[in-house]
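In what follows, every heavy atom counts, from backbone to side chain, and hydrogens, waters and symmetry copies are set aside.
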Amino acid sequence: MREESLELRVTYRPIPQDCDGPVDDEREELFAFPAGLCAQRTDPDGRDHLVAPPVEYLKAAIRERHGYDAVVLWAHPPGQLG
């Protein structure tokens, strides 16, 4: 059965518009990415699964939600360590 979306816990540092770089404030949020934006990988046992989209898509999702740029530190499925 094909997954429709991939939920990721994204950890990032915001870059407010009035700053030259990221602030020292890590934030973590859940984002759901449509399957069409994600890569598909096959495990050694033959099972297909979705993997995180390119970091540009993660940054765009943060920008769309909050209106600022960000430095993405890591992204992983909820319940897994990054």
Side-chain angles (χ1 to χ4, degrees):
M1 185 168 144
R2 182 166 167 79
E3 298 173 76
E4 297 298 321
S5 66
L6 176 64
E7 187 174 67
L8 294 173
R9 183 170 298 282
V10 179
T11 304
Y12 64 94
R13 287 190 176 150
I15 305 173
Q17 292 179 348
D18 59 350
C19 292
D20 292 332
V23 296
D24 194 23
D25 175 26
E26 286 187 13
R27 299 182 184 179
E28 189 173 89
E29 293 184 56
L30 287 175
F31 289 88
F33 295 92
L37 294 180
C38 300
Q40 184 171 322
R41 298 278 162 79
T42 303
D43 287 336
D45 63 1
R47 293 184 301 160
D48 292 333
H49 62 95
L50 297 176
V51 294
V55 71
E56 291 81 16
Y57 291 113
L58 304 176
K59 290 179 175 183
I62 294 167
R63 190 177 312 111
E64 183 177 307
R65 185 178 287 180
H66 297 293
Y68 52 69
D69 290 328
V71 173
V72 175
L73 303 175
W74 57 79
H76 54 87
Q80 292 182 7
L81 296 177

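- Arg27 pairs by the side-chain contact (heavy atoms from CB on, under 4.5 Å) definition with Tyr12, Pro14, Asp25, Tyr68, not counting sequence neighbours.
- Within the structure, every pair that satisfies the salt bridge (Lys or Arg N to Asp or Glu O under 4.0 Å) test and touches residues 65-80, not counting sequence neighbours, is listed here: Glu29-Arg65, Arg63-Asp69.
- Residues passing the side-chain contact (heavy atoms from CB on, under 4.5 Å) test with Arg13 are Pro22, Asp24, Glu26, Leu73, sequence neighbours excluded.
- Qualifying side-chain contact (heavy atoms from CB on, under 4.5 Å) partners for Pro54, counting only residues two or more places apart in sequence or in other chains: Glu56, Tyr57.
- With sequence neighbours left out, the side-chain contact (heavy atoms from CB on, under 4.5 Å) criterion links Glu7 to Leu30, Pro78.
- Linking ILVMFWY side-chain heavy atoms closer than 4.5 Å, directly or via other members, places Phe31 and Val55 in a single hydrophobic cluster.
- We find the CZ-CG distance between Phe33 and Leu6 to be 8.0 Å, quoted to the nearest 0.5 Å.
- Considering all non-hydrogen atoms of both residues, Leu8 and Pro53 come closest at CD1-CD, 3.9 Å.
- Under a hydrophobic-cluster definition in which Ile, Leu, Val, Met, Phe, Trp and Tyr are linked whenever side-chain heavy atoms come within less than 4.5 Å, directly or via other members, Val23 and Val71 are assigned to different clusters.
- Taking Asp45 as the reference, Arg47 meet the side chain to side chain donor-acceptor pair (under 3.5 Å) condition, with sequence neighbours excluded.
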